[in-house]
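Please read these numbers as outputs of a predicted model, since none were measured by experiment. Just so you know, ligand 1 is whichever comes first in the structure, and atom 1 is the first atom listed for that ligand.
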Amino acid sequence: MHYISTRGKVSGIPFSEAVLMGLADDGGLLLPSDIPRLTAGDLAALEKLDYPELAFQIMARFATDIPANDLKDLIDRSYATFTDPDITPVVHKDGLFILELFHGPTLAFKDVALQFLGNLFEYLLTKQDRQLNILGATSGDTGSAAIYGVRGKKNINIFILHPHGKVSKVQELQMTTVTDPNVFNLAIRGTFDDGQAIVKEIFGDVEFKQDYCLGAINSINWARVLAQIVYYFHAWNRVRRQTGCQRITFSVPTGNFGDIFAGYIAKRMGLPIGKLILATNANNILTRFINNGDYSVGDVHPTLSPSMDIQKASNFERYLYYLLQGDSDRLRAAMEEFNLNGRLPVDAQLLKTVREDFASASIDNARTLDTIAGFERQTGYILDPHTATGIAAARELSDGSCPVVCLATAHPAKFPDAVQQATGREPDRPACLEGIENRPRRCEIIDADANIVRDYLRARIALN
Ligand SMILES: *Cc1c(COP(=O)(O)O)cnc(C)c1O
C-alpha cells in the first residue's frame with residue numbers, strides 16, 4: 001500500500017512517511033493509492049472482534065510497512081486509556097443508536113485518533129532517531145486531545161497556543177494541568193485567529209521550521225482518518241447484531257469533514273452504510289454544498305458547538321478527489337478557483353453523485369437547545385451540543401428505512417453552560433474532571449507576537 005497526493009505531484013509514499021509528512025509536499029492531502037475492498041466473508045470475520053482486534057484488522061490493511069506485532073502493541077496502548085471496556089460503546093435511546101466516542105482522556109472523539117497518533121509518532125521517531133516539535137493553535141478541543149496524545153512521549157515536544165481567557169474553563173484546565181516536561185501551554189493575549197496567524201507565519205519560515213523540526217498535528221494527517229474508520233465498523237457490528245439490519249445510516253456532527261470522511265472511506269471499503277447524514281451548525285457551508293451545490297465561504301459565526309465553527313473544511317479536498325474520480329488536474333483547477341473566488345464550481349451531475357452518499361441539515365442554536373432539552377425529558381440522557389446537532393439532523397432526514405447511528409462526539413460535561421441553558425442543570429462530571437481545579441498547572445501568558453513565540457521555541461528546543 002502506497003500513498004499519493006490529491007494534487008497528483010507526490011506518489012509512492014509508504015504509510016510511515018505519509019504520517020510524518022502530514023500535508024503532502026505539493027500542497028495536497030495524502031490518500032492511499034487504492035482502498036481495500038472487504039468481501040461479505042471479510043465483514044463476517046470482523047463481527048466477533050473486540051475493539052483493539054478490529055482496529056488491528058482495519059489498520060493493518062493501510063499501514064503495511066509496520067510489523068504486525070508493533071502495530072498491535074501501538075493499538076493496545078492507545079485504547080488502554082479509555083474508561084469504557086467497549087472503547088466506543090453504542091447505546092439505544094428513543095429509537096436512535098448513539099455511538100459514544102467520548103470515553104477517552106479528554107472526553108471528545110478526537111482522543112480516538114490522537115491517542116493512537118501520539119504513540120505512532122513516538123514509535124516512528126524513535127526508530128528513525130528523529131525529533132518532532134509540534135506547534136499548533138487551538139480554540140479548545142484539539143489542543144487538549146493533542147496534548148494528552150503526546151504527553152510524556154519520547155522525541156516529541158508540543159507547544160499549544162490558546163487565546164487567554166477565551167476558551168471554556170474545562171478546556172483551559174484540561175490543557176494547563178498537564179505538567180509533563182514535553183508539554184508547553186502558551187496563552188496568548190489575543191484571539192484564536194491571532195494564534196493561528198502566528199503558527200502560519202512560523203511555518204512559513206521554512207528554514208526555521210526545518211532547523212527546529214516543527215510539525216503540525218491537525219486533522220489532515222491520514223493516520224487520524226484511519227483511526228476513525230474503525231468505529232464505523234464497530235458500530236455497524238453492534239447495531240447489526242441488535243437489529244438484524246444490513247444497511248445502517250450514520251449521522252455525524254461535522255466541522256473539518258474528518259470524522260464523516262472516515263465514514264465515507266468505510267463505505268468505499270464495502271461497509272453497508274446507507275446515507276451519511278452531515279450535521280452542521282450555523283456555519284453551514286457543507287450543508288449548502290450538499291443541498292444546493294453552493295460551496296462558498298462566509299464568516300465564521302460563534303455557536304454553542306464551537307468545535308464545528310469552521311468555514312473551510314480541511315479534509316474536504318480528499319472527498320473532492322474521489323468525486324472527480326481521481327482527476328488531479330481537475331482538482332487543482334477547482335482548488336485554484338476556490339482560493340481565488342471563494343467558490344467551488346460543481347455541476348448537476350456531480351451533485352447527484354454527492355447526494356447518493358450524503359444528506360445534510362444545518363441546526364441553529366435554538367434547535368440545538370431544544371434537542372438537548374427534549375431528549376433529556378424523553379430519555380434522561382444528556383447530549384452535548386455537538387451531538388445534539390447530529391440527533392436533530394437525523395430526525396429531520398432519516399426516512400426510517402434503516403437504523404440510524406448518531407455519533408456522540410463530546411461528553412456533555414465539557415459544555416456545561418449549554419447543557420445548563422437547555423435543561424436547567426449542569427451535567428454530572430466524570431471522574432477524570434474531579435478536582436481538576438486543584439491540580440498544579442503550567443502555562444505561560446504571552447503577547448500575541450510571532451517573534452516572542454519563536455524565541456520561546458528557540459530557548460525550549462535548545463534545552464531539550
Ligand atoms: C472536532 C469536533 C467535531 C468536528 O469533527 P470534524 O472531524 O472536524 O468534522 C465535532 N464535535 C466535536 C466535539 C469535536 O471536537
Of the protein's non-hydrogen atoms, which lies at the shortest distance from [atom], and what is that distance?
atom	value
atom 15 (O) of ligand 1	K110 NZ, 2.5 Å
atom 4 (C) of ligand 1	G255 N, 3.6 Å
atom 7 (O) of ligand 1	D259 N, 2.9 Å
atom 12 (C) of ligand 1	T409 OG1, 3.5 Å
atom 8 (O) of ligand 1	N256 N, 2.7 Å
atom 3 (C) of ligand 1	F109 CE2, 3.6 Å

Looking at [X], which atoms of ligand 1 are within less than 4.0 Å of one of its heavy atoms?
X	answer
T254	9 (O)
P253	4 (C), 10 (C)
D141	13 (C), 14 (C), 15 (O)
A410	13 (C)

inquiry  = Run D86 and E100 through side chain to side chain contact (heavy atoms under 4.5 Å, CB included) and show every step you take.
reply    = CA-CA 10 Å; D86 205 22; E100 295 184 340; over 6 Å; no

key: Other residues, nucleotides, ligands: >12 heavy atoms within 6.0 Å of Q325 CD   =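 Not more than 12 within 6.0 Å, no.
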
inquiry  = Looking at R429 and E437, is there a salt bridge between them, counting it only when a charged N and a carboxylate O are closer than 4.0 Å?
reply    =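 Yes.
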
inquiry  = I'd like to know if D357 pairs up with K275 as an ion pair, taking the criterion as any Lys NZ or Arg NE/NH1/NH2 lying under 4.0 Å from an Asp or Glu carboxylate oxygen.
reply    = no

query = Do any nitrogen or oxygen atoms of G258 lie less than 3.5 angstrom from nitrogen or oxygen atoms of ligand 1?
reply = yes

request  = Heavy atoms only: give me the nearest I87-H103 pair and the separation to one decimal.
outcome  =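 Smallest heavy-atom distance, with atoms named: O-CB, 3.9 Å.
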
inquiry  = Quick one: does any side-chain atom of R318 pair with a main-chain N or O of L30 as donor and acceptor, under 3.5 Å?
reply    = yes

Close side-chain approach of V170 to L173, heavy-atom, < 4.5 Å =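 A side-chain contact under 4.5 Å is absent here.
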
key: Given F261, F358, Y295, the one that forms ring-ring contact (aromatic ring centres under 6.0 Å, His included) with Y319   =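 The single option meeting the ring-ring contact (aromatic ring centres under 6.0 Å, His included) with Y319 is F358.
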
